[in-house]
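Before any comments, here is the structure.
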Amino acid sequence: MVGAPQFSRVARSLTAISGFLSIAVSGAAIAQDALKLAPEPIVVYRSNQFNEKSMFRYMEELGQDLQIGGNLEKLIKSEVVQNAITKHPNPVNGNMVYMVQGFIPGAESISFSEVIDADEFERLVRAAGGPNAGELTGEKGKYKRVFSTSWREDVTDRVAVPPANDSPSDESDSDDDEPKQSLSIGFGVGSSSGVQVQSNRIDDNEPVIEENGRKYREHSLNVTTYLRYHDGFMFTSTYSGLLDMSLPSGDSLRGKSEQALDAEVNFYPDRIPVGFKHLFWNTMNSAASASLQQVDGEDPVDYSVRRSSGDAGLAAIETVLFDTDLLTGQLLFGTKELPVRGDLTVRARKDSGFSKSLSDLASPHSRFAPLLNDNAAITLHSSVKLPSQLRKVLTSSGEWIRTRMTDLADVDLAIAGSEFEKTLAGIQEHGTFEVLAKMDWTQQSGTVIYGGIQVDDNPQLLKTLHDWLSRQVLPESMADKLAIVEKDSMPMIAIRLPDVPADSPVRLTYAYIAHSNSCLWFTLGGEDAYRILKPTLEKLNGASVRTKAPLLTLKADFGRWMSLPQDDPTGLAKILFMADADFQKSMAALQPSITSQIEAASDSSSDAPSTEVKTSIATDDDGLLQKVLDLGGTRDASLVFDADGSGFTLKGQVGVTVIRYFVARYMKMIDAASPAILEAAEQSKIGVGRTD
């Protein structure tokens with residue numbers, strides 16, 4: 001049995017991992033003067049399209065096409081906004097992440113954004129200023145801005161609020177006195193567009209004062225930002241060494257962005273010191289190994305499942321950690337006719353264990369491949385060759401199921417447990433995991449959700465499932481709603497689903513399960529939902545050979561979905577229109593936070609400043625979805641994940657209609673807040689869109 005001392009050691013190991021990851025993301029919390037960055041960044045992201053100028057242009061054009069966003073357009077064209085962004089027609093921007101050299105692992109992020117020249121850099125630095133933007137010091141081309149604020153938090157009604165610097169009681173955990181950290185991730189626009197990661201330190205041991213019978217904790221916040229001009233770019237970071245370090249040339253930062261590529265990201269794992277990787281792996285492996293030990297009294301069958309699953313996860317992490325050579329991603333934003341397209345490639349080190357594992361994973365021949373391109377409304381498919389570690393999980397899981405069902409002292413369930421074990425052994429033998437799920441409509445079946453799972457040819461599997469469902473899974477009230485029936489010359493389990501409220505938008509009344517071609521098939525829909533299976537199996541059996549399919553395929557044809565009969569009793573065809581109504585209400589209820597755009601002037605001794613703008617947006621059907629559809633364009637989305645011995649790739653695309661819809665909804669929300677944003681910005685004379 002794991003005793004308290006051993007448990008404490010495991011907890012400390014897990015805490016070390018957590019701290020390790022926190023440092024790696026947000027930067028080491030030590031004196032920055034002692035930090036030295038690696039010569040080259042491990043991550044570089046850059047784009048010439050994902051910036052405020054291109055987004056503003058897109059929203060203006062879309063607003064004119066849809067006749068929305070009048071207030072937003074005024075805000076975009078206002079002097080206060082235009083003064084805070086570069087005049088460069090197509091500025092490249094992005095981020096670099098550098099490793100911190102030294103005993104304590106860490107990382108620092110530096111953002112960059114192209115500007116016209118050094119004079120514009122000076123203008124943008126000052127345009128981002130204001131009465132409450134902090135103190136700006138430095139000389140031409142190199143600046144430091146320190147923003148300080150404080151506020152009070154009423155803690156009168158909280159239990160046991162200790163005064164500052166009090167010693168913890170004997171019963172308390174000393175870890176509770178440690179300052180807490182939170183991580184915020186945001187997408188900014190302005191002179192330094194892009195993704196920002198910021199670590200916020202909250203110290204609960206700050207002073208507590210009492211006034212007029214109320215207790216207040218006084219919080220303070222200090223943020224230091226460094227800004228530098230170099231070779232046509234503005235660089236921004238919280239790293240103090242930015243002002244003196246060697247920076248890459250402007251040409252290298254532009255990279256492929258001047259070609260047809262709109263955005264790219266490159267991650268170089270080989271630039272991470274081997275010692276850093278080993279430190280991470282040893283810490284994680286030690287903690288995991290301790291937690292995977294068998295404890296006193298633990299059933300050997302339970303332990304076998306837990307241990308095999310944990311070993312499989314550790315093996316996968318180790319392989320990826322040490323055998324990944326390069327990660328690169330590219331993005332094309334498309335046009336009014338072409339979809340947004342992107343791909344992510346992870347390259348495995350040649351002749352490595354990772355390379356061999358990927359070759360094995362991608363080797364199965366799919367039974368369901370002939371069904372992947374039938375233009376269904378939704379298709380989800382996965383087909384992988386299981387590695388040896390996961391096959392052990394199947395073996396241990398089969399033993400666990402048989403043992404537990406035998407323990408129930410029911411002869412039929414004991415037999416079912418043995419049959420389940422046989423089926424898992426069959427899957428372990430052929431080593432292929434394959435699953436398919438679809439949603440579509442036919443005249444005979446109506447709108448249905450259906451699919452299959454590759455198992456084995458066990459002839460008793462259907463009866464085994466029936467016994468298990470009727471005795472163990474479904475409630476007694478459904479005992480008379482489950483039966484093995486003959487439909488379309490096929491035996492299958494028919495389940496009459498419970499009734500739903502009359503006003504429920506989705507009404508699935510029947511489920512069917514069949515076993516054919518070494519696969520389990522299922523359908524969900526109305527009483528005739530089973531009729532989708534016969535044409536599906538005919539198409540499958542008509543294929544001459546099994547073909548290879550990607551590891552994972554996800555496709556959604558929204559045009560097909562919205563064309564399904566809207567009067568179908570299942571309600572599945574109406575989901576998109578219902579989702580539009582719900583999304584519209586959610587956006588209306590969301591109070592736009594403009595903290596990143598406006599620094600509202602506030603007295604340092606007052607409560608925490610609020611920069612929310614409360615708006616009122618109509619929630620009745622505004623016809624926006626139909627307006628977007630009327631503009632035309634592609635209406636699909638897809639995600640394909642595949643692999644071979646060189647690595648794996650993730651390719652995706654989103655139709656222009658889908659992108660327009662979400663941008664339009666966002667525009668309507670911001671449009672309602674735009675007058676208040678502009679008024680507050682002009683009153684405080686600060687730049688809107690600032691990210692530093």
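Here the structure is a predicted model, which means the values were calculated and not measured. Counting begins at 1 with the first residue of the sequence.
Closest approach of Phe267 and Val43 over heavy atoms only: CD1-CG2, 3.4 Å. Minimum heavy-atom separation, Gly633 to Thr657: O-OG1, 3.4 Å. The two residues Arg145 and Leu227 come nearest to each other via the heavy atoms NH1-CD1, 4.3 Å. Scanning both residues, Arg46 and Ser252, for their nearest heavy atoms gives NH1-O, 2.6 Å. Taking all atoms of both residues into account, the shortest heavy-atom contact from His381 to Ala549 is CE1-CB, 3.8 Å. The shortest heavy-atom contact between Ala263 and Tyr45 is CB-CE1, 4.4 Å.
Using a 4.5 Å cut-off on side-chain heavy atoms (C-beta onward), Met59 and Val663 make contact. Taking the side chain as every heavy atom from C-beta outward, Leu327 and Leu344 approach each other to under 4.5 Å. Asp580 is not listed as a side-chain neighbour of Leu624, based on a closest heavy-atom distance of 4.5 Å or more. By the 4.5 Å heavy-atom criterion applied to side chains, Phe56 and Leu75 are not counted as neighbours. With contacts defined as side-chain heavy-atom distances shorter than 4.5 Å, the pair Val654/Pro339 does not qualify. Side-chain atoms of Leu37 and Val100, non-hydrogen and from C-beta on, do get closer than 4.5 Å to each other.
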* Asked: Would Val44 and Val265 count as a side chain to side chain contact (heavy atoms under 4.5 Å, CB included) if you check the C-alpha gap in whole Å, the side-chain angles of each, and the deciding distance to 0.1 Å?
  -> CA-CA 6 Å; Val44 178; Val265 60; over 6 Å; no
* Pair Leu247-Asp231, side chain to side chain contact (heavy atoms under 4.5 Å, CB included): steps then yes or no -> CA-CA 9 Å; Leu247 292 171; Asp231 202 11; over 6 Å; no
* Asked: So Ile110 and Glu108, side chain to side chain contact (heavy atoms under 4.5 Å, CB included) or not? Walk me through it.
  -> CA-CA 7 Å; Ile110 299 174; Glu108 290 288 346; 5.6 Å; no
* To do: Using the side-chain hydrogen bond (donor to acceptor under 3.5 Å, both in side chains) rule, take Asp251 and Ser249 through it: C-alpha gap first, then chi angles, then the decisive distance, then the call.
  => CA-CA 5 Å; Asp251 288 340; Ser249 67; 5.4 Å; no
* Between Arg123 and Lys87, is a side chain to side chain contact (heavy atoms under 4.5 Å, CB included) present by the stated rule, with each step listed? -> CA-CA 11 Å; Arg123 177 181 66 79; Lys87 304 301 181 184; 3.8 Å; yes
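With rounding to the nearest 0.5 angstrom, the CG atom of Asp117 is 5.0 Å from the CG atom of Asp119. Atom CD of residue Gln67 and atom CG of residue Asp65 lie 8.5 Å apart, to the nearest 0.5 angstrom. Once rounded to the nearest 0.5 Å, the distance linking CG of Leu639 with NZ of Lys651 reads 11.5 Å. With rounding to the nearest 0.5 angstrom, the CD1 atom of Ile378 is 7.0 Å from the CZ atom of Phe558. One finds the CD atom of Glu264 at 11.0 Å from the CG atom of Leu332 (value rounded to the nearest 0.5 Å). To the nearest 0.5 angstrom, Arg660 atom CZ is 6.0 Å from Tyr58 atom OH.
Under the 3.5 Å distance criterion, with hydrogens and angles disregarded, a donor-acceptor pair is assigned to the side chains of Asn266 and Thr328. Between the side chains of Asn222 and Ser148, a donor-acceptor pair is found at a separation under 3.5 Å. No side-chain donor from either of Glu114 and Thr86 sits under 3.5 Å from a side-chain acceptor of the other.
Here the side chain of Glu73 pairs no donor or acceptor atom with the backbone of Gly63 at under 3.5 angstrom. Looking at Ser237, its side chain does come within 3.5 Å of a backbone N or O of Ser109 through a donor-acceptor pair. Put simply, the side chain of Glu122 gets close to the backbone of Gly141: a donor and an acceptor are under 3.5 Å apart. Using a distance-only test at 3.5 Å, with no hydrogens or angles considered, no donor-acceptor pair links the side chain of Ser47 to the main chain of Asn93. The closest donor-acceptor contact from the side chain of Arg228 to the backbone of Leu242 lies under 3.5 Å. Judged purely by atom type and a 3.5 angstrom limit, Lys555 has no side-chain atom pairing as donor or acceptor with the backbone of Thr379. A distance-only check finds a donor-acceptor pair linking the side chain of Asp671 to the backbone of Leu72 [under 3.5 Å]. Arg271 contributes no side-chain N or O that, together with a main-chain N or O of Pro39, makes up a donor-acceptor pair within less than 3.5 Å. Remark: the backbone N or O of Ile76 is paired with a side-chain donor or acceptor of Gln82 at under 3.5 angstrom. Judged by distance alone, the side chain of Arg254 and the main-chain N or O of Gly250 form a donor-acceptor pair under 3.5 Å.
A ring-centre distance under 6.0 Å is not found for Tyr226 and Tyr239.
Of the candidates Val628, Leu629, Val656, Arg635 forms a side-chain contact (heavy atoms from CB on, under 4.5 Å) with just one, namely Leu629. Screening Asp343, Asp636, Thr634 for a side-chain contact (heavy atoms from CB on, under 4.5 Å) with Gln653, the sole residue that qualifies is Asp636. Residue Tyr229 is tested with Val125, Leu124, Val115 for a side-chain contact (heavy atoms from CB on, under 4.5 Å); the sole match is Val115.
Using cut-offs of 30° and 60° on the angle between ring planes, the pair Phe235 and Phe233 is tilted. Using a 30° and 60° split on the angle between ring planes, Phe583 and Phe662 fall in the perpendicular class, above 60°.
Within a 6.0 Å sphere centred on NZ of Lys144, other residues, nucleotides and ligands contribute 12 heavy atoms or fewer. Under a cut-off of 6.0 angstrom, the local environment of NZ in Lys74 is sparse, with at most 12 non-hydrogen atoms contributed by other residues, nucleotides or ligands.
One finds no salt bridge joining Arg57 and Glu61 here, because no Lys/Arg side-chain nitrogen approaches an Asp/Glu carboxylate oxygen to under 4.0 Å. Using a cutoff of 4.0 Å between basic side-chain nitrogens and carboxylate oxygens, Asp630 and Lys627 are not scored as salt-bridged.
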